[in-house]
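Lettering follows sequence order; numbering is per chain, from 1. Every value quoted in this text rests on a predicted model; they were computed, and no experiment measured them.
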Amino acid sequence: MNDVSNAMPTSGLSDQLLGARGRRLAIGVVAGLVGLWFAYLYFKQQPRPLQTALILGLAYFVLVLLAAPRRYQRLFGLLGIAVFFVLVPLFMPKFENDILSDYGVYILAAISLNMLIGMTGEISLGHGALLAIAAYTVGIMVAQHQVSLYLAILVGALLATAVGFLLGLPSVRLSGPYLAIATLGLAIALPTLGKWSKIDKWTLGSQGIAIRPKFLPQVPEPLQHLPHRAISLDEYKFFLTAALVAIAALLVWNFRRGRIGRALVAVRDSEPAAQVIGLNLARHKVIGFMFSAFIAGLSGALIAYQLASVHPDTFGLNLSIAILAMIVIGGLDSILGSIIGAVLIRWLTLNTTRLPAPTDAPLLGSHLPDQFKTFPTYAAGVYYGLALILIMIFLPSGIAGAYYRFVRSPYRERLFGRRGKAAPAAAVDELPAAGDSAGAQLSPPTTVDAPREVTRS
Amino acid sequence: MVRTRGSLRSDQLLHWLAQALIVVSPLIVLYFLLAVLKWVFNGDVVFDRQYIVTGIAQGSVYGALALALVLIYRSTDVINFAQGEMAMFCTFISWSLITQAHWNWYAALVGTLVFSAIFGAIIQRVVIRPIENAPLLTVVIVTLGLFQVVNSLGVFIWQTQPKTIVAPYAKVGTKAIQIFGASLGRTYVGALVITIVVMGLIYVFFNYTKLGLASRASAQNPVASRLCGVPVSLMLTIGWALAAMVGATAGVVAVPIQGLDPEFMQGLLLYAFAAAVLGGLDSPVGAVVGGFLIGIIQNVVGGSALLKDIKDPVAFVVIILVLVVRPTGLLGSKQVRKV
């Protein structure tokens, strides 16, 4: 089944600017520069344990990608992820585990939005609202009514699903720009709604809800008496998040391959065609919205849990755009893309003070006024805003799309001399040529076997 | 816009009446809604004439920003989510000109307009041109990326402390103007006058100049206009420059009313979107009318103790209602979907 590239042009756009070869070159140069920059950042300052672990993990994946036979790649990759997530938190100090959990939460949010935009093609810029509903539910239930957190997470996610249903209803009638405008309105309006004085009995207005630690769950009894060492609270927090991420990723992956997922993709690619084959557009769009909202709700509930507070300004337009940036940079309609994008954007956001300020620039930097020396906390927006624009122009399928294209491309085979699907090509060669024209159509296996689009088995 | 010359025919009169009815229909709906609310909340919500006058003045700012959105949407089919932030950036330029370079306010206004025209043209050439024929999602994401970049740059350069500019028409000690039994502050009067002048200039430009004619032609049918010798891509650039200028005007006159900080355009943008949607996304007149209506709605809602702090969500509700009830807006033309 064709991926995003069907809905979005893979060439065309940038071909207008550079041509296919120029684009490849540009991507290579940009990737190289980004890599160099990362290396510079890494060696500039005292490395932190989490960064070392992340870089080791990255090296492992590159190794698997380059060296392992293709049929084992997925196995090795998933194995690597599992081992990484079970082992790494055990060796990290508390604040690094908190950062890992933070990555997990945003991965969930990105998976949710990617499900909506990538899979169903509906544009939602107000995803922060769904997160907010669940976060407020958790805040109110746990902080004010001392309900168990686990129950609150579930209720929050279900409430978000209900709101997703309500959001999905207008989406049936609205299309394209109108839906984007409506959801953008929601994103801008939401923080104000959280500060409405008539409901600040529950939401506590602009002050936000703080959840006292004694209402949050402790590490369960069995995990406190493990043979060698007890699981600490931050590790438990991380494992809880990781488990939810894994479950959500599995659910979405399965959903994408199932009947409704395929129907949603059909609706995305061509509404009239989907209608012709008898799909109920309204029903499928609403289902897509609800499912996405459920996962967004999980993410929002976990945000409330991790910050131990809920504040209306957390869920404004900036959050919605950040999530959008995650999925676009990572790659639309791809779980791997959601993960890559979320980690990348959160890394950027959390490390803005470590980013080079404009005064560090080689030639002009020293002439800039002093105000450019300090990097305000959310100036990471400059970087990911630029990344959004550049990625959309030059690499519309995102990092994951580029990765899949590389994995399936003939370059890789040329580099490492491994032919993935040699058998059918040989079979074609052995066929007695019925005619030159037929042979010419079939004979170069690379043209058949080198899909420009990302394909999934 | 079809204009027939000659005597007024009765069906034309009917058509105008219908249009007028459509335009005031939101007010009628609002009036009945408020009557119900009044009954429910014991007279908390009132439809005072003060709100209407202030609303029209404030609505002119929304109308101008909405006009900028509509100009771009009509010519390039792009919903420019970065419009507000571009205006914010230009407004900060005017702040710098006035307080740091000590320019006269009016000179700074002109300087800002020149800057914004160049700014808009550059953005169109560099960012929008490569995605001209791209699918909607690409366009939305690119303009949102632009939003983020410009917003962060604004924070970066001018920091987050709120600033203010004192406009010469609203110096300390000037008195409010009495009009229709309501008093209107000088900041509002200035905003109203300046935006109406700018809108008039835009109208004259599009209807009475050759360049405007060429712009309209290239918006309506790019291929045919190119065949007739209209430099379509230049026209698109000019359209963006114009829109940026209109947006910048809205920003500059909004500052004396509500102050200046890098986030100040987000709320305005929401109202501008509501205005554009209410008036019809492809109708410039609709955008202005929608701006006035949204201004009135906002003020009436803001006047009630109950709904005072949720004015922004009310704009969102207006957007949703319009899109669900009448997606083309009050004056927009019907969209034909190609399959």
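Contact of A/Leu186 with chain B is made through backbone and side chain together, with heavy-atom distances under 4.5 Å. Heavy atoms of A/Leu190 lying under 4.5 Å from chain B are absent altogether. Looking at A/Ala182, both its backbone and its side chain come within 4.5 Å of chain B, counting heavy atoms on both sides. Within the 4.5 angstrom heavy-atom criterion, only side-chain atoms of A/Ile123, from C-beta onward, approach chain B. For A/Leu193, the parts lying near chain B are the backbone and the side chain together; criterion is any non-hydrogen pair under 4.5 Å.
Residues that satisfy the side chain to side chain contact (heavy atoms under 4.5 Å, CB included) test with B/Val139, not counting sequence neighbours, are B/Val78, B/Ile131. Scanning for side chain to side chain contact (heavy atoms under 4.5 Å, CB included) contacts around A/Ala189 gives B/Leu270, B/Asp312, B/Pro313, B/Phe316, with sequence neighbours left out.
Ranked by heavy-atom pairs under 4.5 Å with chain B, the first of A/Leu179, A/Ile117, A/Leu184 is A/Leu184. Contact tally against chain B (heavy-atom pairs below 4.5 Å) for A/Pro170, A/Ser270, A/Gly185: the top residue is A/Gly185. Contact count against chain B (heavy-atom pairs under 4.5 Å) is highest for A/Ile389 among A/Leu388, A/Ile389, A/Leu390, A/Val328.
Here the straight-line distance linking atom CD1 of A/Ile188 with atom CD1 of B/Ile319 works out to 8.0 Å at 0.5 Å rounding.
Annotation: side chain of B/Val140 is not in contact with side chain of A/Pro177 (no heavy-atom distance under 4.5 Å).
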